[in-house]
Amino acid sequence: MRLEGKVAFISGGSRGMGAAEAKLFAKEGASVVIGDVLDDEGKQVEAEINETGGHCLFVHLDVTSETNWNEAVAATVARFGKLDIMVNNAGIGGGGSKVEDTTVEEWDETMNINAKGVFFGTKTAIAEMRKTGGGSIINISSQLGLVGTDISSPQYQASKGAVRVFTKAAAVQYAAEGIRVNSVHPGPIVTAMTERRRSEPENYALMTSRIPMGRFGQPDEVANGVLYLASDESAYVTGSELVIDGGWTAQ
Ligand code: NAD
């Protein structure tokens, strides 16, 4: 198994890509902690993993609260003894307003969850990983952290761009301590976040027209990439950007 004996924390693991990663990591031998604001959904994922022979704990976590982060990582260590893998996956979506129509409240909410949440998750993980001599932090950005578009919001794209370069800063700062930090850049994926876009025929056609492969990706197609970065197979990989976007950024 590719994550045998490892302990992983996944923020935003109650549904979508985070839940897919939690299930895949557990199948590959990791003990998994899910932190999310969606308690019922998170407990369902926890039960599903535990009922199928895995080891999972759900903790309530709002990624914008540093206090919550400290409690969540402390609960992880109390239950499973250490922390090897941190997936900063929690996030909220884009909408589509232009810069002039964007309010300060909209900007702050997205930056707080998508960018500050990743900063807190990384900061909290480093202290714990140092104790065991290393670890792997995977920050979920987006293809929209690499290029701009007219069909998402400025704050979403800014938040994901911030995650991209923050990841590189942390990678350089902690490489000598064996803590690897990489970003993942999914394109449009079939999750609740893209439900509206996929259910409106015109919106769906517009989105798929921008994807060279002509389809949305599946959560598992991203989870497999995250698994590689979480495992020791990527031991020499840090500060990198893994793009899983059906070709969106290739054009
Ligand atoms: P999703 O909405 O299904 O899952 C996001 C999860 O994050 C939810 O469980 C939600 O409750 C949680 N979350 C939101 N705010 C939180 C907070 N303050 N504290 C803790 N948890 C919180 O969406 P998804 O598509 O699975 O998104 C996962 C990540 O992938 C996000 O960072 C998203 O921006 C990114 N992403 C998604 C797509 C896509 O097309 N779906 C594309 C690129 C990047």
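Being a predicted model, the structure only gives us computed values, none of them experimental. Values below: every heavy atom of this structure, side chains too, minus hydrogens, waters and symmetry copies. Counting convention: from 1, in listed order, for ligands and their atoms alike.
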What protein heavy atom is closest to [atom], reported as residue, atom name and distance in Å?
atom                    : answer
atom 2 (O) of ligand 1  : R15 NH2, 2.8 Å
atom 37 (C) of ligand 1 : M17 CE, 3.3 Å
atom 20 (C) of ligand 1 : L61 O, 3.0 Å

Per-atom contacts of ligand 1 with [X], taking only distances under 4.0 Å to non-hydrogen atoms:
X    : value
L38  : 9 (O), 11 (O)
S141 : 35 (C), 44 (C)
P188 : 40 (O)

If you measure every N or O of T191 against every N or O of ligand 1, does any of those distances drop under 3.5 Å? yes
N/O of I92 under 3.5 Å from N/O of ligand 1, yes or no? no
[X] touching ligand 1 at heavy-atom level, < 4.0 angstrom:
X    : value
K160 : yes
F216 : no
G187 : yes

For [atom], which of the options [options] provides the nearest non-hydrogen atom?
atom                    : options             : answer
atom 31 (C) of ligand 1 : I140, N89, V87      : N89
atom 12 (C) of ligand 1 : D36, I34, I189, V45 : D36
atom 21 (N) of ligand 1 : A72, A90, S11       : A90

Pick out which of S159, S142, S141 makes a side chain to side chain donor-acceptor pair (under 3.5 Å) with N114. S159
Looking at I140, I138, V226, which one forms a side chain to side chain contact (heavy atoms under 4.5 Å, CB included) with N89? I140
Output all residues satisfying side chain to side chain contact (heavy atoms under 4.5 Å, CB included) with I113, sequence neighbours left out; order by chain, then residue number. V63, T64, I92, E109
Closer than 3.5 angstrom, by distance alone: can the side chain of R2 be matched with the main-chain N or O of D232 as a donor-acceptor pair? no
